[in-house]
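The next block holds one structure in the form of structure tokens; read it before the comments.
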Amino acid sequence: MSADTRPRLIVNFGRTRRSFWDWRGRRPFWGGLLCILAGVPIMYIPYQTMTLGDLHIRMATTAGAGSLIIGVLLVVLGLTLWFQPQSRVFAGVAAILLALVSLVVSNFGAFLIGFLLALIGGALGVSWAPGRPAVAAVPSAATATGPSPVEDIDGGRRAD
């Protein structure tokens, strides 16, 4: 093993991390993550059977298939927020509506965990706005020889 091996691994990890941060910054990442996380308890809990000693408690609802559909749709909407950020308003509103429907269909929105995650994730998706790209501060020849900012405000004249 050479001495160059370790720094190269660190540089590649740093580059990968920076590219992930750039990717995350150009989309409603946290809204999508919360929508994906909301789909998991809404899908899972209605099909769960708890065992307390000899007592089996089944939390299945009459609309178990509805819970599964709502959970899958929330996961798909979370992925839509990640990979199609231009449709963030539609995906956010749909996630909020599915969260409200899950209150009735899926054990109070999978015991309010999935409901709250979907509600907050949908709100983050709707409220996210893409930022403007950073402008490089490279002075050009015209601004380097031009008037000072104080003179430029009122056309070169100072009002004293």
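What you are looking at is a predicted structure, and each value in this text was computed from that prediction instead of being measured.
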Contacts under 3.5 angstrom, residues 112-125 side chains, donor-acceptor by atom type, not counting sequence neighbours:
none

For residues 71-79, dump all side-chain donor-acceptor pairs below 3.5 Å to protein atoms at least two apart in sequence or in another chain.
none

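Within the structure, side chain to side chain donor-acceptor pair (under 3.5 Å) pairs that include any residue of residues 76-100 comprise Gln84-Gln86 (at least two apart or interchain).
In this structure Phe20 satisfies the side chain to side chain contact (heavy atoms under 4.5 Å, CB included) test together with Trp23, Arg24, Phe29, sequence neighbours excluded. In this structure, the side chain to side chain donor-acceptor pair (under 3.5 Å) partners of Thr51, at least two apart in sequence or on a different chain, are His56. Residues meeting the side chain to side chain contact (heavy atoms under 4.5 Å, CB included) test with Arg17, sequence neighbours left out: Phe13, Trp21.
Linking ILVMFWY side-chain heavy atoms closer than 4.5 Å, directly or via other members, places Leu34 and Phe83 in a single hydrophobic cluster. Cluster membership for Val126 and Val101, using ILVMFWY side-chain heavy atoms within less than 4.5 angstrom, is not shared.
In plain terms, the two heavy atoms of Leu81 and Ala91 that are nearest each other are CD2-CB, 3.8 Å. Between Ala99 and Ser102, the shortest heavy-atom contact is O-OG, 2.7 Å. The nearest pair of heavy atoms linking Trp128 to Pro85 is CZ3-CB, 4.3 Å.
Once rounded to the nearest 0.5 Å, the distance linking CD1 of Ile42 with CG of Leu37 reads 11.5 Å.
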